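Presented below is the structure to which this report refers.
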Amino acid sequence: MVQFILIKIGQTPLIAGRFVVRGSWFVVKRISKFQFPHYQLPTTNYQLFHRGRGRPRNSWFIPYYLKKFRLFFRKKVTKRTKIGLVALTVAMLLIFYTSFILNTAYQLPSPDRLISPNQPLTTEFYDRGGQLLYRLYEGRNRTLVTLDELPEYLIQATIAIEDKNFYQHGGVDFEAVGRALYHNFFNRKDNNLQGASTITQQLVKNSLLTPEKTYIRKIKEIILALWAETIYSKGQILQMYFNEAPYGGPTWGIEAASTTYFGKRARDLNLAEATFLAGLPASPTQFSPYGTYPELGKLRQIEVLRRMVEDKYISKEQAQLALEEHLTFKGAVNNILAPHFVFYVKDYLSTKFGPRVVSQGGLKITTTLDLRLQQEAEKIVKQELDSLFPLNVKNGAAMVTDPKTGQILAMVGSRDYHYPQFGNFNVTLSLRQPGSSIKPATYTAAFEAGFSPGNTILDAPVSFKDGSRVYSPVNYDGSFHGPVSIRTALGSSYNVPAVKMLATVGIPEMTKVAKDLGITTFDDPNRFGLSLTLGGGEVKMIDMMAMYGAFSQMGKLNRPTAILKVTDSSGNVLEQYQDLGKQTLKEEIDYLITSILSDN
C-alpha cells in the first residue's frame with residue numbers, strides 16, 4: 001500500500017510511457033531480429049570520414065565528425081530503424097524512472113510511525129508530595145503532551161511564525177515555496193534567506209528523516225509531508241509537532257522546553273513565555289537564552305508577536321504587554337535533588353525492568369522521599385562533618401525510614417554528591433563495620449535459645465583460641481565489671497559479655513537471626529569469628545535500618561522501599577507500593593530487646 005501511494009505521484013508519465021511502449025511493441029520485436037544491411041559504399045564515399053587533400057581545416061575535429069555522423073544517420077539509416085531506436089530509448093528511460101520510484105518507495109519510512117515514534121522519552125522522579133527530583137533522559141529530553149493541554153495562544157504563535165497557511169495547504173505550501181525562491185534568488189548575497197518548510201514537513205524531518213541538507217532528503221520530506229496529510233488530521237499533526245520539535249540541546253518537545261526554560265508545565269505558560277518558545281525551533285542554538293547572543297531570542301520573540309498581530313490572533317496592546325514582560329529563565333544547570341536516592345531508585349528499576357525502559361521509557365516515578373526531610377538531613381550531615389573536621393573525619397551519611405512501612409524518607413549518601421573524589425559514593429548502600437550496633441542480633445539469638453534479661457553473665461578477662469591465634473576481647477572503657485545481668489550487659493554495650501554470649505549461642509544461630517531481621521551480608525557463617533558481635537562483619541546501613549525498624553514494630557520486618565508508584569508513558573501502573581511486611585521475630589522476644597534498648 002505504501003509503494004502504491006507513492007507511485008501515484010509519478011503516475012502521469014508512467015501512463016504516457018505505457019502507451020508509447022504498447023504502440024511501438026511491434027517495432028521493438030522487429031528490432032530484436034533486425035540485422036543492419038551491409039552497404040557497399042563507393043571508395044570515394046568511404047573517404048567521407050577521412051581528411052582529404054586541399055586547404056587545411058581550422059575547425060575542431062569533434063564537431064566535424066559529429067556533422068559527418070549526422071549526415072550518415074540521416075541518409076543511410078532507414079526510417080524504421082530510427083523509430084525503433086527512439087522507442088527503445090523511451091522504454092529504457094521509463095524503466096529507469098519506475099525503478100527509481102519503486103526504490104524510493106521501499107526506502108522511505110512510513111508516516112504511520114509518526115503516531116508512535118520509537119524515540120526516547122524523559123523519565124521523571126518525584127518525591128512523595130509531587131515535587132520534581134530529576135528528569136532522566138538519553139539523547140532527547142522529551143515529555144509527551146496532548147494538544148488540548150496547551151494554551152491556545154501557544155498554538156497560534158507557533159502557526160503564525162512557522163506556517164501561517166497550515167490549515168489551508170495539504171502538507172506543502174507551494175505559495176510559500178514560490179515566495180521563498182523569489183526572495184532567495186534576489187537576495188542570495190545576503191544571509192537573510194527564507195525557508196518554506198511547513199509544520200508537517202518539519203515534523204517529518206524531525207521524526208523520520210536524517211538532518212542532512214540534500215536535494216534527495218528534501219524530495220523525501222515533501223513526499224512524506226503530502227502523504228502524512230492524507231493519514232492524519234491537522235490536530236494530530238500539530239500535537240505530534242509539539243512533541244517532536246527541537247527547543248535546544250537535548251530538549252525536544254514543548255513540555256520539556258517549558259520545564260527547562262521556565263520551570264513550569266506548558267499549560268501554565270503565559271503569552272510572553274509562549275511566544276518566546278514558539279520562536280526557538282527555527283534555530284534553537286541561535287535563539288537560546290543560554291547562548292552567546294541571548295538578545296537574538298528577544299528579537300525572535302518580537303517577530304513572533306508581530307506575526308500574531310498581523311494574522312489577527314492578538315491585538316497590538318496584548319503584544320506590547322507581552323513584550324514588556326520580563327522573562328525569568330531557569331539556570332542552565334540540569335539540577336538534581338537527592339541525587340544518591342534518585343540513582344538508587346534508578347538502579348533498582350533498571351534491574352527490574354531493564355535500563356532502556358528506565359532511561360527512555362518516559363516513566364513517572366513517585367518515590368517515598370520527603371524532600372523537606374531530605375534537605376534537613378543533608379544540612380545536618382554537613383554540619384556534623386564540619387564540626388568533626390579537626391578529627392580528620394571527611395565523610396558521613398544518614399538515612400531516615402518510616403518503620404511502619406519501610407518507606408525511605410531521606411537518604412544522604414555522602415557529605416555532598418558533587419564533592420570531588422568521593423561525593424557520588426553512596427555510603428548508605430556500601431559495606432561498613434557496624435560496631436556495637438549489631439549486638440542486639442546476638443542477644444536476640446540468646447533470648448530465642450532460652451536466656452532472659454535477668455540471667456547473669458560474668459564480665460571478666462577471657463581468651464578464645466582461633467587456630468594458632470588467641471582472641472581476647474576487652475571493653476571500651478578498658479575495665480571489667482564482674483557479674484552483670486544480660487540486661488545490663490546489652491544496655492551498657494559491654495564487649496566481653498557479648499562475645500561470651502555469641503560463643504554460647506553460636507555464630508550460625510546469630511547470623512540466621514540477623515538475616516531474618518534484614519541483614520543481607522551474613523551469607524556464610526564460616527567466614528566470621530567471635531568479633532562478629534562487635535562489628536567484625538560488614539553490613540549495609542540500609543540493612544541496619546531494616547533490622548532496627550523490625551525491632552520498633554514488635555518483630556515485623558518491613559524492608560526499606562523507595563517506590564510509591566511507577567507508571568509508563570501511557571499511564572499504565574508498572575509498580576505500586578504494597579505492604580509486604582512479615583513477622584520475623586516473636587513479639588515477646590522483640591519486647592525484651594526494645595525494653596533493654598530503651599534503658600537510659
Side-chain angles (χ1 to χ4, degrees), residues 121-122 124 126 130-132 135 137 140-164 166 199 202-203 206 234-235 237-291 294-335 362 364:
L121 297 175
T122 301
E124 297 176 332
Y126 295 89
Q131 290 184 268
L132 182 65
R135 295 167 62 86
Y137 54 89
R140 295 184 174 186
N141 174 16
R142 188 166 64 97
T143 303
L144 298 182
V145 67
T146 58
L147 195 63
D148 55 10
E149 294 180 76
L150 301 179
E152 185 177 6
Y153 44 75
L154 173 61
I155 299 173
Q156 294 170 343
T158 301
I159 292 175
I161 194 64
E162 294 291 344
D163 188 2
K164 65 178 297 183
F166 174 71
I199 285 177
Q202 294 179 51
L203 171 63
N206 294 332
K234 291 291 186 178
I237 291 173
L238 264 180
Q239 177 171 305
M240 290 185 287
Y241 172 83
F242 277 115
N243 285 320
E244 296 295 328
Y247 287 89
T251 304
W252 292 72
I254 189 64
E255 185 73 3
S258 180
T259 304
T260 298
Y261 292 110
F262 297 112
K264 61 174 66 176
R265 303 289 297 273
R267 65 189 178 198
D268 299 323
L269 293 170
N270 59 38
L271 179 59
E273 295 164 340
T275 52
F276 180 87
L277 292 181
L280 283 181
S283 183
T285 302
Q286 182 183 12
F287 301 133
S288 172
Y290 309 135
E295 66 275 7
L296 295 179
K298 189 65 176 180
L299 294 176
R300 180 67 172 172
Q301 182 196 19
I302 294 173
E303 178 64 14
V304 174
L305 290 167
R306 186 189 67 80
R307 294 280 188 91
M308 292 185 73
V309 172
E310 185 180 280
D311 294 340
K312 296 181 172 49
Y313 288 125
I314 59 175
S315 65
K316 290 183 179 180
E317 291 74 17
Q318 289 176 301
Q320 187 61 35
L321 288 174
L323 190 59
E324 292 174 356
E325 182 172 336
H326 175 70
L327 296 177
T328 303
F329 298 101
K330 283 182 62 180
V333 179
N334 185 17
N335 293 321
K364 182 178 179 181

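Residues: numbered from 1 along the sequence shown. This structure is a prediction, so every number in the text was calculated from the model and none was measured.
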Rounded at 0.5 Å granularity, tell me how far OG1 in Thr259 sits from NZ in Lys264. 10.5 Å
Output the distance between atom CG (Leu144) and atom CD (Glu244), rounded to the nearest 0.5 Å. 8.0 Å
If you count the non-hydrogen atoms of other residues, nucleotides and ligands that lie under 6.0 Å from NZ in Lys364, is the total more than 12? no
Give the minimum heavy-atom separation between Leu147 and Phe242, together with the two atoms involved. CD1-CD1, 4.0 Å
Flag the pair Phe166 / Tyr241 as yes when their ring centroid distance falls below 6.0 Å, and as no otherwise. no
Give a yes or no answer on whether the side chain of Tyr261 reaches the backbone of Tyr247 with a donor-acceptor pair at less than 3.5 Å. yes
Counting only N and O atoms by type, is there a donor-acceptor contact under 3.5 Å from the side chain of Thr158 to the main-chain atoms of Leu154? yes
Lys/Arg-Asp/Glu bridge criterion (N-O < 4.0 Å) met for Glu303, Arg306: yes
Between atom CG of Leu327 and atom CG of Asn270, what is the distance when rounded to the nearest 0.5 Å? 7.5 Å
Nearest heavy atoms of Gln239 and Thr146, plus distance in Å: OE1-CA, 3.5 Å
Glu162 with Arg300: basic N within carboxylate O range, under 4.0 Å: yes
Got a sec: does the CD of Glu152 have more than 12 other heavy atoms crowding it under 6.0 Å? no
Is any side-chain N of the basic residue among Glu124 and Arg135 closer than 4.0 Å to the acidic one's carboxylate O? yes
